[in-house]
Amino acid sequence: MGGSQSSTTEQPKKAPEPPATMNMSGINEKTFIMVKPDGVQRGIAGEIMARFEKKGFTSCGAKLVHASKSFAEQHYIDLAKKPFYGGLTTFLSSGPVFAMCWKGKGVVKTGRKMLGTTNPKDSAPGTIRGDYSIDIGRNICHGSDSVESAENELNLWFPEGIIDGFAPSRLQHVYEN
Ligand code: DAT
Ligand code: MG
């Protein structure tokens, strides 16, 4: 073989760069998603992680944590005046939870939609709560309700920090040019 003809079977030496026009705006938004003790006990933590992965979001941290009662109280401090606060925080500290950080465009709002409404009796089928839970006090998962609370919750649950600089090569197939 010679000349300037290139073979059609030749592989590119380097993965193609994402197009310069790729819309990267907002792709670093982060949320805190947690599989509560009921979800871990029932063995569906992996399923919930898989839903966020398949959607296209990027994992920035994940770990099992057995929180103390006072840590659970801190997490739900905004609900301190609610009559269910005691039961809620006792339950949250009753066994390990699976704490996760997810990153991507619109992840806070979309994450909440993926969880479904707070009370599973109203959660749409196809949502996590709609598919896997019945009672409000055993609704499987938690998701931050705003970018600001995500930041506070991530600081609380991941004081060691998260993996932030990681941009998987698949992003060019997740986001539109
Ligand atoms: P969410 O988890 O959808 O953000 P929330 O922040 O209002 O909902 O409440 C936190 C958790 O407290 C919720 O996931 C389940 C529990 N909870 C909420 N309202 C309740 C109620 N009326 N009775 C018992 N538990 C409740
Ligand atoms: Mg909430």
Side-chain angles (χ1 to χ4, degrees), residues 26-164 174:
I27 73 164
N28 285 322
E29 182 175 310
K30 287 172 206 73
T31 194
F32 175 64
I33 300 290
M34 169 170 57
V35 184
K36 297 197 271 195
D38 47 345
V40 173
Q41 291 276 6
R42 290 175 55 190
I44 51 181
E47 160 66 21
I48 293 168
M49 184 169 204
R51 287 188 180 211
F52 280 82
E53 274 189 318
K54 288 178 194 168
K55 174 73 178 170
F57 292 129
T58 300
S59 173
C60 299
K63 62 182 179 182
L64 275 175
V65 182
H66 192 158
S68 65
K69 170 83 170 166
S70 66
F71 191 92
E73 285 169 349
Q74 253 182 290
H75 171 76
Y76 277 130
I77 195 69
D78 291 350
L79 301 175
K81 292 203 165 75
K82 299 283 185 188
F84 54 84
Y85 183 63
L88 176 64
T89 53
T90 296
F91 172 64
L92 190 66
S93 54
S94 68
V97 302
F98 190 49
M100 293 174 276
C101 174
W102 288 96
K103 176 164 81 171
K105 197 188 287 183
V107 70
V108 170
K109 200 167 173 197
T110 301
R112 294 277 293 184
K113 283 189 194 159
M114 290 167 68
L115 301 194
T117 55
T118 303
N119 194 331
K121 84 177 164 55
D122 303 316
S123 308
T127 64
I128 294 162
R129 287 164 170 167
D131 286 352
Y132 298 118
S133 61
I134 295 172
D135 272 354
I136 192 166
R138 296 293 181 273
N139 65 1
I140 302 285
C141 46
H142 165 85
S144 309
D145 60 12
S146 68
V147 170
E148 192 194 9
S149 47
E151 214 174 293
N152 293 335
E153 291 170 359
L154 287 168
N155 285 334
L156 179 67
W157 287 89
F158 289 91
E160 71 279 19
I162 51 158
I163 310 270
D164 201 4
V174 171

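Whatever order the structure lists ligands and atoms in, that order sets their numbers, starting from 1. Worth saying up front: this structure is predicted, and the values here are computed from it rather than measured.
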> For atom 10 (C) of ligand 1, what's the nearest protein heavy atom and its distance?
Replying inline: Leu79 CD1, 3.5 Å
> Should the proximity of Arg112 to ligand 1, defined as any heavy atom under 4.0 Å, be assigned to the side chain, the backbone, both, or neither?
Replying inline: side chain
>> If you count every heavy atom of other residues, nucleotides or ligands that lies below 6.0 Å from Glu151 atom CD, does the total exceed 12?
In response: no
> In terms of heavy-atom contacts, does CD1 of Ile134 have more than 12 from other residues, nucleotides or ligands at under 6.0 Å?
Replying inline: no
> Strictly by modelled atom types, are Lys69 and Thr89 linked by a side-chain donor-acceptor pair under 3.5 Å?
Replying inline: yes
> Which part of Ile136 is near ligand 1, with near meaning a heavy atom under 4.0 Å away: side chain, backbone, both or neither?
Replying inline: both
>> Measuring from non-hydrogen atoms of Arg129 to any atom of ligand 1, is the shortest distance under 4.0 Å?
In response: yes
> With atoms numbered from 1 as shown, which atoms in ligand 1 lie under 4.0 angstrom from a non-hydrogen atom of Asn139?
Replying inline: 13 (C), 14 (O), 15 (C)
> What class does the angle between the rings of Phe71 and Trp157 fall in, given that below 30° is parallel, 30 to 60° is tilted and above 60° is perpendicular?
Replying inline: perpendicular
> Looking only at protein heavy atoms, which one is nearest to atom 3 (O) of ligand 1, and how far off is it?
Replying inline: Thr118 OG1, 2.5 Å
>> Taking CD in Glu53 as the centre, count heavy atoms belonging to other residues, nucleotides or ligands within less than 6.0 Å. Is the count above 12?
In response: yes
> Does one side chain, of Ser123 or Thr117, offer a donor that lies under 3.5 Å from an acceptor on the other?
Replying inline: yes
>> For atom 14 (O) of ligand 1, is there a protein heavy atom at a distance under 4.0 Å?
In response: yes
>> Heavy-atom contact check, 4.0 Å cutoff: does Lys36 meet ligand 1?
In response: yes
> To the nearest 0.1 Å, how far is atom 23 (N) of ligand 1 from its closest protein heavy atom, and which atom is that?
Replying inline: Phe84 CD2, 3.6 Å
>> Donor-acceptor check, side chain of Asp131 to backbone of Gly126, threshold 3.5 angstrom: yes or no?
In response: yes
